Undergrad: 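If you scroll down you'll find the structure; I have some questions about it.
Chain identifiers are assigned alphabetically (A, B, ...) following the order of the sequence lines, protein sequences preceding nucleic acid strands; residue numbering begins at 1 within each chain. Just so it is clear, the structure is predicted and the values come from calculations on it, not from any experiment.
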Amino acid sequence: MTGKNKQGKKIKKENQEKNKKKNKKKKRKKYDFNEIETKWVKYWEENKIYKFDSNDTKKAVFSVDTPPPTISGSLHMGHAFGDAQQDFFVRFKRMKGFNVLNPFGTDNNGLPTLRLVEKENDVDSKSMKREDFIELSIKTIKEKYIPEFLEEIKRLGVSADFDIFYSTIDERSRRISQQSFIELYNQGREYRVDAPALWCPNCQTTIAQVELEDKDVSSEFSDIMIKADGEDLIISTTRPELFPASVAVFYNPKDKRYKHLKGKKAKIPLFDIEVPILEDEEVDMEKGTGIAYCATFGDQTDMEWQKQYNLPIKKAITSEGRMSSIAGKYKGMKIKEARKKILKDLKNKGLLVKQEKIMHPVNVCERCGTEIEFINKKQWFIKYLDLKKEMLEWGKEINWTPENMVNRYNNWVKGLKWDWCISRQIPFGIPFPVWYCKKCDEIVLADKKDLPIDPLESDPPVDKCPNSKCNSKEFIPETDIMNTWATSAMTPTIVKDLLKGTKVYEKIKDKPFDVRRNGQDIITFWDFNTVVKSQLHYKRKPWKELYINGWILGRDGHKMSKSRGNGISPKKVIKEHGADALRYLSASIGPGVATSFSDKDLIAGKKLVKKMINASRFVFMNLQEFNGRKPKNLEIIDKLFLTKVGLLIQKVTNLFEEYEPSKAKLAVEQFFWQDFCDNYLEIVKKRVYQGEGDEKKSAQYALYKGLLAIVKMIAPIMPFITEEIYQEYFKKYENDKSIHISSWPKPEYIEQKNLDEVHKFAHFVEILEAIRKWKTKEHKSMNSEIILTLTKKSYEELEEMKMLGDLKNVSHAVDIKQGK
RNA sequence: GGUCCCAUAGUCCAGUGGUUAAGACGCGUCGUUUACACCGACUAGAUCCAGGUUCGAUUCCUGGUGGGACCACCA
């Protein structure tokens with residue numbers, strides 16, 4: 001045996017130096033991921049690798065309903081993770097032979113876009129014609145924001161067909177949205193009534209709940225004396241300015257203090273308003289004096305009480321945020337001003353009993369920070385509270401990944417209290433195709449063939465009011481626009497509309513999409529509303545599968561947010577580590593799971609890229625005279641290796657089919673690193689260096705097949721490095737223009753005969769491990785020569801398998817003896 | 001307040017009703033071979049707590065604790 005003895009650190013260093021020199025000599029090109037990744041992005045685009053073939057009726061279609069991101073800046077990490085995870089199964093399906101319909105849309109019809117366009121062009125949407133503003137916003141987004149955004153999306157390697165593109169404000173989306181409105185109206189599902197709306201006095205618009213923010217503000221909690229049936233009663237409030245809109249006073253039915261006041265009247269000071277005293281369990285006995293007063297509309301509870309007890313609606317605050325005429329001498333004052341004045345007047349009359357400074361959370365407009373108000377307005381609603389039972393059924397028709405996410409949907413449905421208010425009072429968005437008779441308020445709808453239409457710019461399709469009793473010829477256009485979810489809930493219809501006139505359209509028009517993927521935060525908005533609209537319009541589910549992607553938290557384990565300052569830019573990560581590494585990281589999260597951002601995993605992804613390049617380089621270095629054909633006889637160990645590859649293919653295929661790309665990635669990665677690189681490559685090394693004839697060809701064939709399968713299976717996750725390897729090395733033998741449209745590997749050598757033997761491969765590896773362990777323990781180098789003594793059983797098995805030669809090579813054994 | 005998810009080595013993350021609980025990062029020791037020092041080999045290191053079901057629980061059930069997310073509320 002020749003083994004080197006323990007070496008000092010000096011020698012170690014010397015060796016490192018030697019190695020550096022060696023590497024310099026080779027002048028090996030470093031893998032420059034930025035250069036290479038950009039190269040393939042360009043190649044894929046130029047060669048239309050991800051094009052959906054809208055005329056191919058033979059191939060099965062795999063259709064995806066993609067969330068259109070709101071574009072008001074650059075790509076954030078949430079987009080990157082979600083889009084990457086969607087891309088994993090999309091690429092898999094494409095390689096599986098599906099004609100993949102993976103469109104791309106952007107959401108540009110909400111408040112964020114309004115503000116972006118105003119800022120960008122220095123205009124005020126309120127002083128512009130709505131039509132002009134829409135045009136301007138389409139131009140602005142199209143020219144600058146969408147191209148920039150798409151560039152980042154493409155750089156991430158998203159394999160969408162960007163020719164199948166929509167914006168939620170484009171003409172098609174407006175038409176479909178208005179069509180939907182008219183159809184649901186004709187179904188009797190839409191109605192228009194007075195309703196409270198969230199109103200921002202500063203922005204002068206109603207706003208959606210999602211646009212609210214909690215803000216802690218200091219305020220004064222005032223105890224004010226009122227008269228109740230001649231008796232003094234103290235109420236506590238932070239909003240005395242709403243006194244003119246008082247409609248009732250409440251106490252808790254369990255509260256003995258006030259039981260005797262049931263059915264009596266209370267008198268609100270300064271305004272001399274008499275209101276009923278009512279009981280309700282919502283009242284918190286501990287809060288203040290246990291008496292709550294109800295005005296139109298102080299808050300959510302006020303609205304509920306108004307409905308429940310059929311209380312009158314009074315308007316104390318105008319849309320400009322000033323006191324209305326019912327406020328008497330306070331009319332015209334700003335809210336806070338009026339509050340001050342009213343408190344002062346109460347104090348002068350000795351009715352202000354106590355004042356306490358408190359911090360309490362209020363709802364403010366997320367844009368400008370102004371406290372929101374509730375105002376009363378005629379609004380359009382989609383009636384659906386009667387459908388709760390059906391909604392729950394509709395949820396069950398869809399396959400949820402992960403399954404538990406259906407609970408989000410169910411809980412939302414069960415908690416619904418109001419019909420869906422679809423009107424918004426902002427100057428930008430999709431108009432309602434509606435006019436009203438000036439005289440009798442009769443509703444006139446646009447003609448479907450005229451859509452999209454803006455009633456502000458057109459006349460109704462009738463000369464006179466359709467109401468036979470009214471002969472008015474004057475109409476008022478609706479100025480409100482539709483809530484953006486009313487449009488984005490139509491994305492499946494919008495995408496299909498893009499394909500109208502193609503052969504595939506006929507094939508898919510009456511079918512649900514295969515899958516929609518999105519984050520868990522919009523299940524209750526986007527997903528729920530899409531299900532409802534699809535069922536109301538087409539009586540079918542919008543998609544078969546709903547995949548909720550895993551999402552990424554900041555390094556601190558909290559949601560990335562500006563206020564926490566824990567956001568990480570995908571652009572920067574891609575620049576520093578490559579898109580493959582970022583995609584690798586997003587592939588470490590399963591569906592519906594949240595994980596903190598991990599730099600370690602990013603590095604692991606980077607290392608995997610490097611390892612794959614090196615392994616491929618090695619394999620092809622030894623395939624010089626390989627002809628790509630299968631030799632007559634495969635060595636047993638090579639065949640068993642391919643059996644293992646086959647088993648892996650089966651496993652990984654199933655995992656992708658089951659929408660578990662993170663598990664698929666883990667399985668391939670472990671196999672590649674351990675079985676392929678650490679063991680199999682070592683096993684066949686000598687044979688490909690020095691072997692001859694079939695013995696060599698067998699190893700070459702197995703290396704080729706094994707590596708190709710591995711590279712293909714990792715391709716959906718890391719499309720860049722795999723394309724690089726495919727084009728650089730495999731292209732000589734394979735014909736496809738891109739690995740991403742090549743066929744998914746098929747398992748081979750998995751006949752029972754081979755499965756029965758595959759444990760022998762493991763046994764071989766066990767022996768290798770034992771030898772390595774021994775050498776390590778003895779401080780011998782791995783290539784030190786040994787004399788090996790095997791147990792009789794092992795020896796016989798290896799002999800029978802003709803693997804003694806391989807073992808000799810890989811363990812550097814000069815002789816192998818048979819023991820007991 | 002409602003709902004959901006998670007809890008496994010110093011860290012991240014798999015898996016399992018029953019032999020030795022996988023892998024990565026990090027730590028330690030050793031090695032330097034015609035892919036790879038962003039290397040290889042080897043070592044040490046883990047099932048949150050309390051009950052229950054079971055012959056047997058890290059796994060299933062109940063409760064607790066801790067972390068996270070979503071929704072709602074906040075006179």
Undergrad: Taking the C1' atom of each, how far is B/rA41 from B/rC5, in whole Å?
TA: 40 Å
Undergrad: Within this structure, what is the CE-to-P distance between A/Met560 and B/rC70, rounded to whole angstrom?
TA: 13 Å
Undergrad: Select base, sugar-phosphate, or nothing to describe what A/Cys677 touches, counting heavy atoms under 4.0 Å on all strands.
TA: base
Undergrad: Taking the nucleotide of RNA chain B with the closest heavy atom to each, which residue, A/Gln520 or A/Asp678, is nearer the 5' end?
TA: A/Asp678
Undergrad: If each of A/Gly290 and A/Glu769 is mapped to the nucleotide of RNA chain B with the nearest heavy atom, which maps nearer the 5' terminus, i.e. the 5' end?
TA: A/Glu769
Undergrad: Under 4.0 Å, counting only non-hydrogen atoms across every strand here, what does A/Asn622 touch: a base, just sugar-phosphate, or nothing?
TA: nothing
Undergrad: Report the C-alpha separation of A/Glu669 and A/Tyr584 in whole Å, then their side-chain angles, then the decisive distance to 0.1 Å, and conclude whether the side-chain hydrogen bond (donor to acceptor under 3.5 Å, both in side chains) test is met.
TA: CA-CA 10 Å; A/Glu669 186 187 12; A/Tyr584 174 95; 2.5 Å; yes
Undergrad: With a distance cut-off below 6.0 Å to the six-membered ring centre and an angular limit of 45° from the axis, does A/Lys357 pair with A/Phe221 as a cation-pi contact?
TA: no
Undergrad: What's the separation between atom NZ in A/Lys696 and atom CD in A/Glu625, rounded to the nearest 0.5 Å?
TA: 4.0 Å
Undergrad: Quickly work out the A/Asp302 CG to B/rC74 C1' distance and round it to whole Å.
TA: 12 Å
Undergrad: Looking only at atom P, what distance separates B/rU29 and B/rU43, rounded to whole Å?
TA: 16 Å
Undergrad: Considering only the P atoms, how many Å lie between B/rU11 and B/rU19, rounded to the nearest integer?
TA: 26 Å
Undergrad: Between A/Asp580 and A/Lys606, is there a salt bridge with N-O shorter than 4.0 Å?
TA: no
Undergrad: Can a side chain N or O of A/Lys611 be found less than 4.0 Å away from OP1 or OP2 on B/rG40?
TA: yes
Undergrad: I'd like to know whether A/Arg408 forms a salt bridge (charged side-chain N to carboxylate O under 4.0 Å, His left out) with A/Asp527, so could you lay out the CA-CA distance, the side-chain angles of the two residues, the decisive distance to 0.1 Å, and finally the verdict.
TA: CA-CA 11 Å; A/Arg408 293 270 167 99; A/Asp527 295 337; over 6 Å; no
Undergrad: Would you indicate what A/Lys775 reaches in the nucleic acid, counting non-hydrogen atoms under 4.0 angstrom: base, sugar-phosphate, or nothing?
TA: nothing
Undergrad: Using the ring of each side chain (for Trp, its six-membered ring), is A/Tyr384 parallel, tilted or perpendicular to A/Phe528, with breaks at 30° and 60°?
TA: perpendicular
Undergrad: Between B/rG15 and B/rU20, how far apart are the two C1' atoms, rounded to whole Å?
TA: 14 Å
Undergrad: What is the distance from CG of A/Leu707 to C1' of B/rC36, rounded to the nearest Å?
TA: 14 Å
Undergrad: With a cut-off of less than 4.0 Å, is there a side-chain N or O of A/His558 near OP1 or OP2 of B/rG68?
TA: yes
Undergrad: Mind listing the N/O atom pairs, protein and nucleotides 1-3 of chain B, below 3.5 Å?
TA:
unit_1, atom_1, unit_2, atom_2, d
B/rU3, O2', A/Asn411, ND2, 2.4

Undergrad: Round to the nearest Å and state the distance from A/Ile552 atom CD1 to B/rC5 atom P.
TA: 21 Å
Undergrad: Go through A/Glu241 and A/Arg239 one step at a time and tell me if the salt bridge (charged side-chain N to carboxylate O under 4.0 Å, His left out) criterion holds.
TA: CA-CA 5 Å; A/Glu241 74 276 15; A/Arg239 306 212 47 191; 2.9 Å; yes
Undergrad: Mind calculating the distance between CZ (A/Arg617) and P (B/rC38) to the nearest angstrom?
TA: 14 Å
Undergrad: Between B/rA14 atom C1' and A/Ile589 atom CD1, what is the distance in whole Å?
TA: 15 Å
Undergrad: Given B/rC71, B/rA35, B/rA69, identify the nucleotide with an atom nearest to the side chain of A/Phe525.
TA: B/rC71
Undergrad: How about A/Lys336: does its NZ atom have over 12 heavy atoms from other parts shown lying under 6.0 Å from it?
TA: no
Undergrad: Nearest-Å distance, CG (A/Asn679) to P (B/rU33)?
TA: 20 Å
Undergrad: Under a 4.0 Å threshold between the charged nitrogen and the carboxylate oxygen, would A/Glu682 count as salt-bridged to A/Lys685?
TA: yes
Undergrad: By the 4.0 Å heavy-atom rule, please label A/Thr595 as base, sugar-phosphate, or nothing.
TA: sugar-phosphate
Undergrad: For the side chain of A/Lys559, starting at C-beta, report the closest nucleotide among B/rC30, B/rA35, B/rA69.
TA: B/rA69
Undergrad: Evaluate ring pair (Phe, Tyr, Trp, His ring centres under 6.0 Å) for A/Phe764 paired with A/Tyr680, printing each intermediate quantity in order.
TA: CA-CA 11 Å; A/Phe764 190 89; A/Tyr680 188 67; 9.9 Å; no
Undergrad: In the 5'-to-3' direction, what one-character label does each nucleotide of nucleotides 16-28 of chain B receive under the scheme B = base within less than 4.0 Å of a protein heavy atom, S = sugar-phosphate only, - = no such atom?
TA: ------SS-B---
Undergrad: Within this structure, what is the CG-to-C1' distance between A/Leu553 and B/rC6, rounded to whole angstrom?
TA: 11 Å
Undergrad: Can a salt bridge be assigned to the pair A/Glu220 and A/Arg339 using a cut-off of 4.0 Å between side-chain N and carboxylate O?
TA: no
Undergrad: How far does CZ of A/Phe243 sit from CD1 of A/Ile273, to the nearest 0.5 angstrom?
TA: 9.5 Å
Undergrad: With a 4.0 Å cutoff (strictly under), does any side-chain N or O of A/Tyr680 reach OP1 or OP2 of B/rA35?
TA: no
Undergrad: Remember a base hit wins even if backbone is also touched, and classify A/Phe221 as base, sugar-phosphate or nothing at under 4.0 Å, heavy atoms.
TA: sugar-phosphate
Undergrad: Would you please indicate yes or no on a ring centroid separation below 6.0 angstrom for A/Tyr659 and A/Phe88?
TA: no
Undergrad: Sort by first number and list every stem of RNA chain B: at least 3 consecutive Watson-Crick or G-U wobble pairs, both distances under 3.5 Å.
TA: B:1-7 with B:65-71, B:10-12 with B:23-25, B:28-31 with B:39-42, B:48-52 with B:60-64
Undergrad: Of all the nucleotides listed (B/rA41, B/rA72, B/rA69), which has the minimum atom distance to the side chain of A/Arg772?
TA: B/rA41
Undergrad: Cation-pi check for A/Tyr409 against A/Lys414: NZ or CZ below 6.0 Å from the six-membered ring centre and within 45 degrees of the axis, yes or no?
TA: no
Undergrad: When rounded to the nearest Å, what value does the distance between P atoms of B/rU58 and B/rA50 take?
TA: 11 Å
Undergrad: Could you measure between the two P atoms, the one in B/rG10 and the one in B/rA22, and give it in whole Å?
TA: 15 Å
Undergrad: What nucleic acid atoms does A/Val619 come within less than 4.0 Å of, heavy atoms only: base, sugar-phosphate, or nothing?
TA: nothing
Undergrad: Has the side chain of A/Lys773 got a donor or acceptor atom sitting under 3.5 Å from an opposite partner on the base of B/rC42?
TA: no
